[in-house]
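To keep things clear, I will list the structure first and then write my remarks on it.
For clarity, every value in this text was computed on a predicted model and none was experimentally measured. Below, chain A is the first sequence line, B the second, and so on; all start at residue 1.
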Amino acid sequence: MASAKPSIPKGTRDFSPIEMAQRNFIFDTIKSVFKIYGYQPIETPAMENLSTLLGKYGEEGDKLLFKILNSGDFTKGVQPTDVTSDGANALSLKICEKGLRYDLTVPFARFVVQYQNDITFPFKRYQIQPVWRADRPQKGRYREFYQCDVDVVGSNSLLNEVELVLIIDEVFSKLGVNHTIKINNRKILSGMVEVVGETERLIDITVAIDKIDKIGIDAVNKELANKGVSLQAIEKLQPIIQLKGTNAEKLSILSNFLSSSEIGLEGIEEMKTIFDSVGRLEGLDTTVELDLSLARGLNYYTGAIFEVEANDMEMGSICGGGRYDDLTGIFGLKNVSGVGISFGADRIYDVMLHLNLFPESLLASSQVMFTNFGPKEAAFCLPLIQKLRAKGISTELYPDAAKMKKQFDYANKKKIAYVVIVGETEIQSGEISVKNMLTGNQENIDTENIAEYFLSSHN
RNA sequence: GUGGAUGUAGCUCAGCAGGUUAGAGCGCUGGAUUGUGGUUCCAGAGGUCGCCGGUUCGAGUCCGGUCUUCCACCCCA
């Protein structure tokens, strides 16, 4: 009987040892930055109750949730008419009460409310775990992917927003990824639609503004009209659609435009504060740019919105987030504001791979390999190997007494920097041969000094 | 969810209006070199031509379906 071809579900991936080394390099870098800014880790389960998840991500988001079929007799209580009358979506709610998490922010909000009495506010946490979305897979878009979230909850201070900009800058400069941070503010967007009297069409207007560079001013105006935006409002919006210049110039135009909107002006003030603070810091690699087209579909954002794009490759956003004033309110804890961002590890991986940004050294499994000439020589090597390992030098012994060519070939492919040769002559003399695989040089080292040799040659 | 492409050896790709044993480069295995890799030379292994069905005397090549991957829209990490 022919066995089925092994495969994994669409949009998921396996990771080889080399890919893991590269992915861990990203995770470790991000984690180290999070820690140094005083954030602490938490984890939450892969699945949440659907009631926790539904309604937090907008209509589109709800559709993209993976739902988990109830255990046991899940058809209990389902009538034949349920199958035909209300459609699959309504039926799924009758037979599923759990779902895979869609992001890390909503489970975090649930966590904060659930453990509010044990948490010291402001609560700074980071969380690095996979999330799942029933999206159609594409380049940079997977059904299972890792997010690396940092959030502060229980503080209204804009210093938190500034800190997030610093974290973004530090992470990407450590990873060597050239990037641009785009910032916007929901309050500015609210003010904008308020001023033109189209409060119902926030999304239509931001989507249209976003297309200005691609399709031009006339097409944008036409699209706005098609969406039902009044001609008067479109007329008023012109300076906004064609907004250009430095951040300061944009803000000054905007504050004129929003002069009659209290909430809009509040947004302007927030942006000014953030830009001022960031501008005063030196040595930032980051370009921070005010971008009005940034709206973000997640409907819980209320203040600043962030998105980061790689400069040297088309990849959509590799990091995003914002402030949410009342996410915990949905779960019963009022007046707790939070702000956070999420690094998309998988997209960052794709960018780094494409741009060749991973350090070569990640590919090496060990720093040193001992060749194997047979049982007697191997026995002689083992104590030496242990000595190196104790000093923190990753070392391996080739397990079989294979031909030298084969053993060297192995070391070469595994990118091992040094090969140690111990045969009859070396045991006799007490000096072992060490070959540098990069230069091809070979020298004899006294077994007493071997650890020191590698320690010094590596630093 | 809508629209459009793609799928041939481990990888990147050839394949003549449908016609006998399906090719290349790289990689892999072995040898030249019984204590030395990354260069060179020689030899060899490896393919249900994504899967299912149809048209045909005959299908990698045409048709339908299906799955995969990718692109655009949408949304986003």
Side-chain angles (χ1 to χ4, degrees), chain A residues 2-5 7-13 16 26 30 57-64 88-89 102-105 128-149 168 203-204 206-207 210-211 214-215 223 294-299 301 305-310 314-322 340-351 369-374 377 398 401-427 432-442:
Chain A
S3 58
K5 226 178 208 171
S7 65
I8 54 176
K10 185 198 281 210
T12 65
R13 294 145 306 148
S16 67
I26 295 174
I30 290 176
Y57 308 109
E59 225 174 287
E60 287 297 317
D62 283 356
K63 280 188 215 154
L64 298 179
N89 212 35
Y102 178 91
D103 71 357
L104 300 177
T105 307
I128 299 176
Q129 289 191 272
V131 303
W132 294 268
R133 295 182 189 177
D135 221 340
R136 179 176 290 198
Q138 269 180 42
K139 196 179 202 70
R141 174 180 296 188
Y142 306 101
R143 287 186 159 178
E144 178 184 63
F145 60 96
Y146 274 75
Q147 292 197 325
C148 312
D149 274 38
I168 292 169
I203 302 293
D204 289 337
T206 52
V207 166
D210 187 32
K211 295 181 181 165
K214 276 188 199 163
I215 62 177
E223 177 166 329
L294 224 190
R296 300 189 61 78
L298 299 179
N299 57 9
Y301 291 121
I305 313 171
F306 303 95
E307 211 164 281
V308 182
E309 282 178 11
E314 286 285 324
M315 183 40 89
S317 57
I318 53 177
C319 177
I341 47 166
S342 177
F343 291 82
D346 304 80
R347 285 187 177 176
I348 294 170
Y349 173 86
D350 288 346
V351 169
M369 187 195 86
F370 278 63
T371 52
N372 187 333
F373 279 79
E377 290 84 352
Y398 195 86
K403 285 179 187 163
M404 280 303 97
K405 181 187 163 83
K406 194 168 183 184
Q407 299 194 32
F408 270 83
D409 200 32
Y410 171 86
N412 192 48
K413 277 179 189 147
K414 300 281 292 273
K415 311 269 186 206
I416 293 169
Y418 294 93
V419 170
V420 176
I421 300 126
V422 179
E424 195 59 43
T425 46
E426 282 79 7
I427 294 180
I432 58 179
S433 304
V434 177
K435 176 158 181 166
N436 181 325
M437 293 296 278
L438 203 67
T439 62
N441 290 340
Q442 193 164 324

> Roughly how far apart, to the nearest Å, are B/U56 and B/G19 at atom C1'?
Replying inline: 12 Å

> So what does A/Q147 touch, heavy atoms closer than 4.0 Å: a base, only the sugar-phosphate, or nothing?
Replying inline: sugar-phosphate

>> For a side chain to side chain contact (heavy atoms under 4.5 Å, CB included) check, start with the C-alpha distance between A/Y146 and A/I30, then their side-chain angles and the critical distance, and finish with the verdict.
In response: CA-CA 12 Å; A/Y146 274 75; A/I30 290 176; over 6 Å; no

> Could a donor-acceptor pair under 3.5 angstrom be found where the side chain of A/R136 meets the base of B/U2?
Replying inline: yes

> Based on Watson-Crick and G-U pairs with both distances under 3.5 Å, what dot-bracket line describes RNA chain B 5' to 3', crossing pairs as [ ] and inter-strand pairs as |?
Replying inline: (((((.(..((((.....[...)))).(((((.......))))).....(((((..]....)))))).)))))....

> Rounded to whole angstroms, how far apart are CD on A/Q138 and P on B/G1?
Replying inline: 13 Å

> Base, sugar-phosphate, or nothing for A/G61, non-hydrogen atoms under 4.0 angstrom?
Replying inline: nothing

> Has the side chain of A/N372 got a donor or acceptor atom that lies under 3.5 Å from a matching backbone atom of A/Y398?
Replying inline: yes

>> Pair A/I168, A/C319 - check side chain to side chain contact (heavy atoms under 4.5 Å, CB included), show working.
In response: CA-CA 8 Å; A/I168 292 169; A/C319 177; 4.2 Å; yes

> Quick one: side-chain contact (heavy atoms from CB on, under 4.5 Å) partners of A/I416, sequence neighbours excluded?
Replying inline: A/S365, A/S366, A/M369, A/E396, A/Y410, A/A411, A/K414

> Mind checking the C1' distance from B/U34 to B/C26? Whole angstroms is fine.
Replying inline: 30 Å

> Roughly how far apart, to the nearest Å, are B/U29 and B/U69 at atom C1'?
Replying inline: 31 Å

> Please give, in whole Å, the distance from B/C75 P to A/K63 NZ?
Replying inline: 11 Å

> If the C1' atom of B/U8 is compared with that of B/C75, how far apart are they to the nearest Å?
Replying inline: 35 Å

If you restrict it to nitrogen or oxygen atoms, what contacts under 3.5 Å exist between nucleotides 30-37 of chain B and the protein, and what is each distance?
from, atom 1, to, atom 2, distance (Å)
B/G31, OP1, A/K403, NZ, 2.2
B/G31, OP2, A/K403, NZ, 3.4
B/G35, O6, A/T425, N, 3.4
B/G35, O6, A/T425, OG1, 2.4
B/G35, N1, A/T425, OG1, 3.3
B/G35, N1, A/E426, OE1, 2.9
B/G35, N1, A/E426, OE2, 3.2
B/G35, N2, A/E426, OE2, 2.7
B/U36, O2, A/K435, NZ, 3.2
B/U36, N3, A/Q442, OE1, 2.9
B/U36, N3, A/Q442, NE2, 3.3
B/U36, O4, A/Q442, NE2, 2.6
B/G37, O2', A/D409, OD1, 3.4
B/G37, O2', A/N412, ND2, 3.2
B/G37, N7, A/K435, NZ, 3.2
B/G37, N1, A/M437, O, 2.5
B/G37, N2, A/N412, OD1, 2.9
B/G37, N2, A/M437, O, 2.6
B/G37, N3, A/N412, OD1, 3.3

> Across the strands shown, which category fits A/Y142 at heavy-atom distances under 4.0 angstrom: base, sugar-phosphate, nothing?
Replying inline: base

> Expressed as a whole number of Å, how far does the P atom of B/G50 sit from that of B/C13?
Replying inline: 15 Å

> Can A/F343 and A/I318 be said to form a side chain to side chain contact (heavy atoms under 4.5 Å, CB included), step by step?
Replying inline: CA-CA 6 Å; A/F343 291 82; A/I318 53 177; over 6 Å; no

>> Taking the P atom in each of B/U2 and B/C11, what is the distance between them to the nearest angstrom?
In response: 31 Å

>> Applying side-chain contact (heavy atoms from CB on, under 4.5 Å), can you list everything that pairs with A/D409, at least two apart in sequence or on another chain?
In response: A/K413

>> A/Y102 vs A/R133, test: side chain to side chain contact (heavy atoms under 4.5 Å, CB included). Steps then yes/no.
In response: CA-CA 6 Å; A/Y102 178 91; A/R133 295 182 189 177; 3.6 Å; yes

> If we take the C1' atom in both B/C49 and B/A9, what is their distance in whole Å?
Replying inline: 10 Å

>> Between B/C76 and B/U12, how many Å separate the two P atoms, rounded to a whole number?
In response: 33 Å

> Considering residues at least two apart in sequence or located in another chain, which fulfil the side-chain contact (heavy atoms from CB on, under 4.5 Å) criterion with A/E377?
Replying inline: A/F373, A/E424, A/I427

>> Is it the case that B/C75 (base atoms only) and A/R141 (side chain only) share a donor and an acceptor within less than 3.5 Å, ignoring hydrogens and angles?
In response: yes

Taking only N/O atoms, report every protein-nucleotides 66-68 of chain B pair under 3.5 Å with atom names and distance.
from, atom 1, to, atom 2, distance (Å)
B/U68, OP2, A/K10, NZ, 3.2

